[in-house]
Number of protein chains: 2
Amino acid sequence: MMRRMPTDLHSTVAERLRRVGQRYTEQREALVAALERARKPLSTLEIVQARTGPQSSVYRNLAVLEHVGVVRRVVTEGEFARFELTEELTEHHHHLICSNCGKVEDVTIPTDLESTMDRTVDRLAKRSGFAKVRHRLDLIGTCRSCA
Amino acid sequence: MMRRMPTDLHSTVAERLRRVGQRYTEQREALVAALERARKPLSTLEIVQARTGPQSSVYRNLAVLEHVGVVRRVVTEGEFARFELTEELTEHHHHLICSNCGKVEDVTIPTDLESTMDRTVDRLAKRSGFAKVRHRLDLIGTCRSCA
DNA sequence: CTTCCTGCAAAAGTTTTGCATTAAC
DNA sequence: GTTAATGCAAAACTTTTGCAGGAAG
């Protein structure tokens with residue numbers, strides 16, 4: 001269980017891109033930086049508004065970064081796609097989602113619950129013939145301002 | 001913890017619609033029946049192809065049924081929205097999702113893990129000022145045919 | 001006879017693509 | 001120089017809406 005220092009992030013991303021013959025340009029760096037700053041999943045609109053380039057480039061760069069395992073697509077409730085840095089580059093975490101306004105917060109849960117989940121997930125996975133199964137736990141409710 | 005008999009389903013839906021002055025038409029019944037038969041979340045395309053009416057009516061009916069708590073929007077990975085019957089009308093369950101081909105299966109997990117999760121979720125929810133928090137646990141991996 | 005539902009077609013909103021240009025290696 | 005990234009505009013795709021006609025209560 002390794003935690004990565006923030007300084008490592010950009011060189012890790014650069015390395016991953018280089019490995020598949022792609023470049024870590026300013027736009028892509030801005031995109032990764034925006035996701036890092038946010039500490040929560042961002043919508044494509046929010047990413048574009050973070051001055052990460054024109055819409056079409058943002059979509060293309062998200063696709064590339066998703067492909068090399070740097071960002072992952074997170075879907076909440078309806079509306080448009082959201083993206084975050086993958087857990088290898090941050091930490092394993094979960095989402096607390098307001099079903100009314102769509103607000104998303106990152107949360108972590110106690111390690112003992114995590115291990116119980118992991119064990120159970122492994123067992124279920126074997127039974128169903130699925131491989132490399134990870135879990136995704138989201139908490140969905142009503143936030144204070146929507147209550 | 002109540003399990004509802006299949007026979008109840010349509011009258012329950014009818015009742016809920018009636019309560020808000022809406023009708024349980026043939027199209028809506030076909031839609032609910034399609035979701036019941038599927039035993040997994042269906043995409044809007046799949047629902048339309050299940051002869052539940054023209055696209056526009058399907059979307060409208062899904063909105064109505066979502067509004068009265070009969071169906072819920074489930075989002076998996078990218079692509080288009082998927083819908084399923086709400087857990088009040090079926091049973092609490094989780095999804096086993098193939099990250100490669102997008103296939104989704106319903107699964108249930110041991111009750112002791114469920115209760116551990118519920119307790120933890122309640123605690124986290126209180127701490128964050130969220131109310132009425134439920135959990136959503138998905139298992140994401142590679143299915144046998146994509147391995 | 002009033003309210004709701006349907007169906008078509010058109011509009012709106014999100015994401016992808018073509019292509020010429022620019023930048024990185 | 002060769003390959004990849006950018007930026008614009010146009011296209012594609014999912015979802016929503018307007019409106020006239022039909023069905024349900």
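Since the structure is predicted, the reported quantities are computational estimates derived from the model, not experimental observations. To find a chain, count down the sequence lines: A is the first, B the second, and so on, and within it residues start at 1.
- Between A:Leu45 atom CG and C:dT14 atom P the separation is 7 Å, expressed in whole Å.
- One interatomic measurement links the two molecules: OH of B:Tyr59 to P of C:dA12, which rounds to 18 Å at whole-angstrom precision.
- Atoms OG1 and CZ, on B:Thr44 and B:Arg73 in that order, are 9.0 Å from each other to the nearest 0.5 Å.
- Distance CZ (A:Phe83) to P (C:dT15): 7 Å, rounded to an integer number of Å.
- The terminal axes of the helix from C:dC1-D:dG25 to C:dC25-D:dG1, fitted over 5 pairs per end, subtend an angle of 30° to the nearest 10°.
- In this entry the distance linking CD of B:Glu46 with P of D:dT15 reads 12 Å, nearest Å.
- Rounded to a whole Å, the CZ atom of B:Arg18 is 16 Å from the C1' atom of C:dT3.
- Side-chain contact check for A:His10 and A:Glu15: no donor-acceptor pair (N or O, by modelled atom type) lies under 3.5 Å.
- The aromatic rings of B:His135 and B:His94 lie parallel to each other, their planes meeting at an angle below 30°, with 60° marking the opposite boundary.
- Straight-line distance from the CD atom of B:Glu29 to the P atom of C:dT6: 12 Å, rounded to whole Å.
- The separation between B:Leu31 atom CG and C:dG7 atom P is 13 Å, rounded to whole Å.
- With contacts defined as side-chain heavy-atom distances shorter than 4.5 Å, the pair A:Ile47/A:Phe83 qualifies.
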- If a protein heavy atom is under 4.0 Å from the base, mark B; if only from the sugar-phosphate, S; if neither, -; do that for nucleotides 3-9 of chain D going 5' to 3'. BBSSBBB

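- The hydrophobic cluster containing A:Leu42 also contains A:Val64, counting ILVMFWY residues as joined when their side-chain heavy atoms lie under 4.5 angstrom apart, directly or transitively.
- For B:Glu105, the salt bridge (charged side-chain N to carboxylate O under 4.0 Å, His left out) criterion is met by no residue, not counting sequence neighbours.
- In summary, the side chains of B:His92 and B:Glu114 do present a donor paired with an acceptor at a separation below 3.5 Å, with no hydrogens or angles considered.
- A donor-acceptor contact closer than 3.5 angstrom links the side chains of A:Glu84 and A:His95.
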